[in-house]
Amino acid sequence: MGVLSNTRWVGLSQGTKIGAQVVGMVVLARLLSPKEYGIMAMAAVVTNLAIVFRDMGSSAAIIQKQELSQEVKTAVFWFNIAVGLLISLIVLATAPLMAGLFSTQELTPVLMLLALAFPLSSSSAVHQALLERNSSFKTVARIEISSIATGLVIALGMAATGFGVYSLVAQTLITVGLTSLQLWHASHWRPASLRKCSWSELRSILGFSSHLVGFNVVNYLARNSDNIVVGRYFGQDVLGAYALAYRVMLFPLQSLTFVVSRSLYPVLSRQQNQRPEMRRTYLTVVTVVATLVAPMMGGMLVLRESFIQVFLGDGWELSSQLLFWLAPTGFIQSLLSTTGVVFMATGATRTLLVLGIVGAILQIGAFVLGANYGVLPMAKLYLVANVLNAIPVMALCMRQLEGSWLDLLKPTLIPIASAISMIVALVALDDLLSRSGDYGKVSIGALVGALVYGTTYLMIGRRQAAALTSLARNRKRTPNKAED
C-alpha cells in the first residue's frame, strides 16, 4: 500500500476526530459549565505531557526496523506495559499536588481516573505499530472511527444526565479502551512471556527511541513557551488574541501534517535502503503539501481581517494583525514538519534531536527577545526564527536522502510563485472586493484567489501539475488488494 492509499484512510480517521471535536465542542458546551471544561483543560496539561513518554518512541522503532523477531516484539510489548503503568502511577501520585497547584480540588479524582488510560493505551501500542508497519491503515481507521464515535455518543448521554466533567473523562477512557480492544482483535500477533524477550535487541531499539522522545520533549517545550511568554509579559487579553491567531494558522496544518507524516513513515521505512526511491517519494509528498498549503496561507494573509470578522466577530483585531506574520510561518512549518519522518525512517533520530534543540533555542529566543518590544515584533521574530531553522533542517534532510537543495527547491518554487501571483491579484482587487462587505470579500476573494493560483500554477508548472494529476489517476485505477 502506498502513500496515497495510506493518506486516504489516515485522512478519514483524522477528519472523524476533527468532526467529533467540533460536535463535542458545540453540543457539550451547552450541557457543561465553563468550570467543568476548565477542569478538563487543567488535566490536559498533565496528560498531554505524559503522552510524550507513553511508549518511549518504541512504536516508531518497530515501524522503522527492517527485521523483527518475536522476541523483539515481545520485549517491546512488556516494556510498553511497564512504561504505561509507571506513567499511571506518577499521575496518580501527583494528582493531589496538581490540584493544589491549580487550587482546584475537583482535579484530583479526574486525574486519577485519566491515569487508567495510559496502561490501556500502552497495551496495544505494538499491535497498532505492526498494523501501520504493514500499511493496514484501513483497519486502523475503522477502529479509530468506531471508538471515537462510541466515546462521543456516551459522553453526550452522560453530560445530558448530569455527570458533568466525568462525561469528558468517560469519553477519553471509552475511546482508548475500545481502541485497544479492537487493535488486539485486528492484529494476529500475540506477546510471549517475559522469558522469551530479547533484551539486547530492546536496548538497540531504545537507542533509536530515546532520541525521538528527547525531540518530542524539546518540541513540546518550544511549542508551549510562546503562551508562557505572552501570558507573562502581555496579559490574558493579548494571550487570547495570540492563541486564537496561532490556532487559526496551525489547526489545518496540524491535521495535514499528522495525516502526511503518519502515512509516509511506514513507506519511507521500507525504502530506507533505496535512497533514490525514498527521495522521489518524499519530494512527491513535499510537492503536494506545498501545492495545498501555499494558497491557503497566501489567502489567509490577504483576507485575514475579513476572515476574522466573519468567523469571530468584533474584538479580535489583534489576531488579524498577528496572522500577517503567522501565515508565512505556517507555510514554512508545513514543509519542516515533513522532515521528521525522513530522519526517523533513516534511523537518524539523534540528528533529529539536535535539530530540535537548535530550533527550540531559536524559537524561544525569538519569544523572549520579542517580548521586550511587543507581541507583533515577537511574531515577526518568530517568522525569522523559522526561516533560520529551516536552513539546516532541510539541508540535513536532503543529505539523508542523498539529494541536494536544488532537488527540494523544484517542487516548492512553483507553488510559492503561484501563491505570490494570487496575493498580488487579491491586493490589487482589494478596493473592489471590500465593497461587497466582509462576507463577500472572503467568499469572492477565495474564489478569485483559487482561479489565479490554479491558472498560474498550470502556466508555469504544467509538467508538475501533469505529474500530480497522473499520480492521482493511477491511484484510482490501481486496485489495492492489501486493503482487504
Side-chain angles (χ1 to χ4, degrees), residues 25 34 37-38 41-42 44-45 48-49 102 218-255 257 293-294 296-337 356-391 393 419 423 426-427 430 438 441-442 445:
M25 181 175 62
Y37 262 107
M42 294 173 190
V45 173
N48 286 344
L49 181 59
F102 285 104
V218 170
N219 193 46
Y220 177 88
L221 294 175
R223 287 199 175 275
N224 287 274
S225 60
D226 52 349
N227 288 332
I228 296 173
V229 172
V230 174
R232 170 69 177 80
Y233 284 91
F234 306 116
Q236 295 179 350
D237 292 340
V238 175
L239 176 58
Y242 175 85
L244 188 65
Y246 193 86
R247 188 174 183 181
V248 168
M249 176 273 289
L250 199 62
F251 185 72
L253 301 185
Q254 280 183 326
S255 302
T257 298
V293 177
M296 188 188 307
M297 293 295 101
M300 183 66 67
L301 188 150
V302 180
L303 303 173
R304 64 191 184 280
E305 294 179 358
S306 294
F307 178 88
I308 292 294
Q309 185 64 37
V310 167
F311 290 98
L312 301 177
D314 297 326
W316 299 99
E317 290 78 10
L318 180 57
S319 295
S320 66
Q321 296 174 43
L322 288 164
L323 277 173
F324 182 85
W325 302 103
L326 292 178
T329 302
F331 177 74
I332 295 171
Q333 288 192 357
S334 70
L335 299 181
L336 287 176
S337 64
I357 294 173
V358 172
I361 292 172
L362 287 170
Q363 291 179 26
I364 295 174
F367 298 142
V368 174
L369 180 61
N372 296 306
Y373 302 98
V375 69
L376 287 176
M378 192 190 83
K380 297 177 188 178
L381 289 173
Y382 184 43
L383 172 59
V384 173
N386 275 271
V387 172
L388 294 176
N389 187 41
I391 296 172
V393 172
I423 291 171
L426 289 176
V427 170
D430 184 68
D438 290 316
K441 185 174 182 178
V442 170

- [ ] Check the pair I308 / E317 against side-chain contact (heavy atoms from CB on, under 4.5 Å), numbers first and verdict last.
- [x] CA-CA 8 Å; I308 292 294; E317 290 78 10; over 6 Å; no
Task: Non-hydrogen atoms of A385 and A366 that approach each other most closely - done: CB-CB, 4.0 Å
Task: Closest non-hydrogen atom pair between W325 and L383, with its separation - done: CE3-CD2, 3.9 Å
Task: Exercise: identify the closest heavy-atom pair between L303 and G445 - done: CD1-C, 3.9 Å
- [ ] Kindly indicate whether the side chain of M297, heavy atoms from C-beta on, has any atom under 4.5 Å from the side chain of T329.
- [x] no
Open item on the list: Nearest 0.5 Å, please: how far is CD in E305 from CD in Q321?
Closed with: 8.0 Å
Task: Distance, nearest 0.5 Å, that separates CZ of R304 from CZ of F324 - done: 6.0 Å
TODO: Check G356 against V218 and note the closest heavy-atom contact, atom names and distance.
DONE: O-CG1, 3.3 Å
TODO: Please tell me if the side chains of N389 and I332 come closer than 4.5 Å, counting only heavy atoms from C-beta onward.
DONE: no
TODO: Determine the minimum heavy-atom distance between A379 and L322, stating which atoms define it.
DONE: CB-CD2, 3.9 Å
Open item on the list: According to ring pair (Phe, Tyr, Trp, His ring centres under 6.0 Å), who are the partners of F367, at least two apart in sequence or on a separate chain?
Closed with: Y382
- [ ] State the CG-CG distance between N386 and L381, to the nearest 0.5 angstrom.
- [x] 11.5 Å
Task: Nearest heavy atoms of D438 and S306, plus distance in Å - done: OD1-OG, 3.0 Å
Task: Counterpart residues, side chain to side chain donor-acceptor pair (under 3.5 Å), relative to N219 (two or more places apart) - done: none
Task: CG-CD1 distance between L388 and I361, expressed to the nearest 0.5 angstrom - done: 13.0 Å
- [ ] Check side chain to side chain donor-acceptor pair (under 3.5 Å) between S320 and all other residues, then give those that pass, not counting sequence neighbours.
- [x] none
